[in-house]
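Down below is the structure, laid out as structure tokens.
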Amino acid sequence: MTTTTPKSRRGRDLAGARATYRSVFAVGEFRVLFATLLMFVLGFEFEILGLSVLVYTQTRSAFWTAFAFSMGFAPQVLGGALFTSLADRLPPRLLISAGLLTRAAPGLVIGLWPALPVPAMLALVAVAATATPVFTAANSAVLPDVLDADRYVLGRSVFSLTGSATQIIGLGIGGAILAALPAPRLLLAAGLSLLAAAVVARLGLRPRPARTDGQTTRPDGQTTRSDSTDGRAARANGRAPRGIVRATMAGNLELLADRTVRGLLLAQWLPAWFVTGAESLIVPYAGSLGLPPSTASPLLAATPAGMLLGDVVVGRFCRPAARERLAFPLAALMGVPLLALAFRPPLPVTGAVLFACGFGFAYMLGVQQAFLDSLPGRLRGQAFGLNSTGMMTGQGLVPPLAGGLAAAFGAGPAMAVAGAVTMLAALLLRGPLTGRASSPAEAGAAVDVDDLPGKVSGRVV
């Protein structure tokens, strides 16, 4: 018999329980996901750095080098917009391992055959990048099956910490490799890292059915049935489910039509977009102070360093309810320090400003559980893909706008404007950030607990 419980009561039951990072890493499958993420980010940083250096060496063109750098990012928007329904239509272990193999192909091919024409290299990277949102969505969607309750939020924190730290470490290791070896060897290392990640995912993850098969594997290892509306309707009418692109577009529209989901997506997108716009101006800001471009390096590292500390402090030492209360002030905090840059403070003060801005990114931890609880189970993977796609889209569109503003008024004032807009976005999104925005379906409605990702079974994994 199916048991029902209101989502609001479920949230209250879990609010007081605080997990630890030790309990998160005690779960074997999480360690597998952690290892694959670590190798994926390392491989990605190696690939982008190695490709940029190789293209510049062959062409001596700043345009082609910048274009090569963008090939790892821009095509992800296309993949996220059109193909993320695959994250719910295919078994996650298959999709994650196949996606990592696809991402390994450019590094292996270019590393072994570096004389390929530059357009062929870029096309190869672009095709592989298109698949990235699909398997990263599957990776994010399987996390609630591995970790329950507050451990899920800490698991997301570990993912964020790993991404930030590995970017810095990967660039450092990549630079050391390039100092001793030619760029094709760094690309080969990228391919081997991603290939190893695919093997670890294939051997370490538990087999799970596709989410649209109507089955969900919970953290206690039990499989429950939660059939999708599309799947039931298709079988009742004797037809196959809709195509991948149509299903992705229909699912994205369904998610965006829900007020709660839409608000929580915007809460994760907008503040991060505008802070990225400010970050994109760090190099010209250093130049406006009369400093050489090399001085931008510590400034570029200040924001991810703040993100690392923020995730550790808020993730480790705050209870779930406290994280939710901190989401709004931390989101606003991201913008406040940037206002000081209008006055062009000295380098140490600027570093402290960017560090404080990065610390504010910990607000994301306060909305993770609410976002997960707002999603229909059959679209969970696609929702994470949509979130990633929206983040990538804004991070690609806002920096050119910030650059235009800087060309007119200077880098410092433009960064301050980005900070003011970040604060305004936090104010406009106060409802989702404080948990006061809810869809009509959540107003005391009973829901099937089998459709609730991350349901607590009472068994500690």
Side-chain angles (χ1 to χ4, degrees), residues 30-56 65 68-76 79-80 92-114 116 120-140 142-143 158-205 304 385 388 391-392 395:
F30 178 78
R31 295 195 297 271
V32 172
L33 292 173
F34 171 78
T36 58
L37 176 65
L38 185 69
M39 289 183 282
F40 166 69
V41 179
L42 273 178
F44 182 80
E45 295 299 327
F46 288 173
E47 179 184 278
I48 292 299
L49 180 60
L51 182 68
S52 299
V53 171
L54 181 60
V55 169
Y56 183 74
T65 304
F69 186 87
S70 71
M71 281 299 96
F73 300 95
Q76 294 188 35
R93 185 176 69 171
L94 170 65
L95 195 56
I96 293 170
S97 55
L100 288 166
L101 281 174
T102 303
R103 287 301 287 118
L108 294 174
V109 172
I110 300 172
L112 293 172
W113 293 283
L116 283 173
M121 294 183 192
L122 301 186
L124 189 60
V125 173
V127 170
T130 303
T132 301
V134 179
F135 81 85
T136 54
N139 194 70
S140 296
V142 84
L143 184 61
V158 171
F159 277 12
S160 177
L161 288 166
T162 303
S164 299
T166 310
Q167 285 178 22
I168 299 172
I169 295 169
L171 289 172
I173 295 174
I177 293 174
L178 286 175
L181 299 170
R185 294 295 179 264
L186 183 59
L187 284 160
L188 190 59
L192 291 174
S193 178
L194 291 160
L195 180 62
V199 173
V200 170
R202 177 62 182 83
L203 297 179
L205 291 177
S388 175
M391 191 74 73
M392 193 68 64
Q395 289 176 344

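Below, all heavy atoms of this structure are taken into account, side chains as well, without hydrogens, waters or symmetry copies. Worth saying up front: this structure is predicted, and the values here are computed from it rather than measured.
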Review point. Taking C-beta and beyond as the side chain, do Phe44 and Thr132 meet within less than 4.5 Å on heavy atoms?
Key: no
Point to revise | Test item: Thr166 and Glu45 side chains (from C-beta on) under 4.5 Å apart, heavy atoms | key: no
Review point. Checking side-chain contact (heavy atoms from CB on, under 4.5 Å) for the pair Thr102/Phe135: CA distance, chi angles, key distance, verdict?
Key: CA-CA 10 Å; Thr102 303; Phe135 81 85; over 6 Å; no
Check your understanding: Considering all heavy atoms of both residues, which atom of Pro133 and which atom of Gly79 are nearest to each other, and what is their separation?
Key -> CG-C, 4.2 Å
Revision key, fill the gap. Between the CD1 atom in Ile96 and the CG atom in Leu33, the distance rounded to the nearest 0.5 Å is 6.0 Å
Check your understanding: Taking atom OG1 of Thr136 and atom CZ of Arg103, what is their separation to the nearest 0.5 Å?
Key -> 10.5 Å
Point to revise | Side chain Ser97, main chain Leu94, donor-acceptor under 3.5 Å | key: yes
Revision key, fill the gap. All heavy atoms of Val53 vs all of Ala183, minimum pair found to be CG1-CB, 4.0 Å
**Study point:** Separation of Leu37 CG from Phe159 CZ (nearest 0.5 Å)
**Key:** 5.5 Å
Review point. Going by heavy atoms in the side chains, are Met121 and Leu54 under 4.5 Å from each other?
Key: yes
Check your understanding: Any donor and acceptor pair, going by atom type alone, linking the side chain of Ser193 with main-chain N or O of Ala189 inside 3.5 Å?
Key -> no
Exercise for review: Give a yes or no answer on whether the side chain of Ser140 reaches the backbone of Ala137 with a donor-acceptor pair at less than 3.5 Å.
Suggested key: no
Practice item. Identify the heavy atoms of Val142 and Asn139 that sit nearest to each other, and give their distance. Key: CG1-O, 3.3 Å
Review point. Nearest heavy-atom pair of Phe46 and Ala190: which atoms, and what distance?
Key: CB-CB, 3.6 Å
Check your understanding: Below 4.5 Å, heavy atoms only, C-beta onward: do Leu51 and Leu122 meet side chain to side chain?
Key -> yes
Exercise for review: To the nearest 0.5 angstrom, please state how far the CG atom of Leu187 sits from the CG atom of Leu108.
Suggested key: 10.0 Å
Study note, to complete from the structure: CG (Leu49) and CD1 (Ile173) are apart, to the nearest 0.5 Å, by 11.5 Å
Exercise for review: Could you check if a side-chain atom of Val125 sits within less than 4.5 angstrom of a side-chain atom of Glu47, using non-hydrogen atoms only?
Suggested key: yes
Review point. Just wondering, do Leu181 and Leu186 contact through their side chains at under 4.5 Å, heavy atoms?
Key: no
Study note, to complete from the structure: To the nearest 0.5 Å, atom CG of Leu205 lies from atom OG1 of Thr36 at 6.5 Å
Exercise for review: For residues Ala126 and Pro75, report the shortest heavy-atom separation together with the two atoms involved.
Suggested key: O-CB, 3.4 Å
Exercise for review: Would you mind reporting whether Phe40 and Leu100 have side-chain heavy atoms less than 4.5 Å apart?
Suggested key: yes
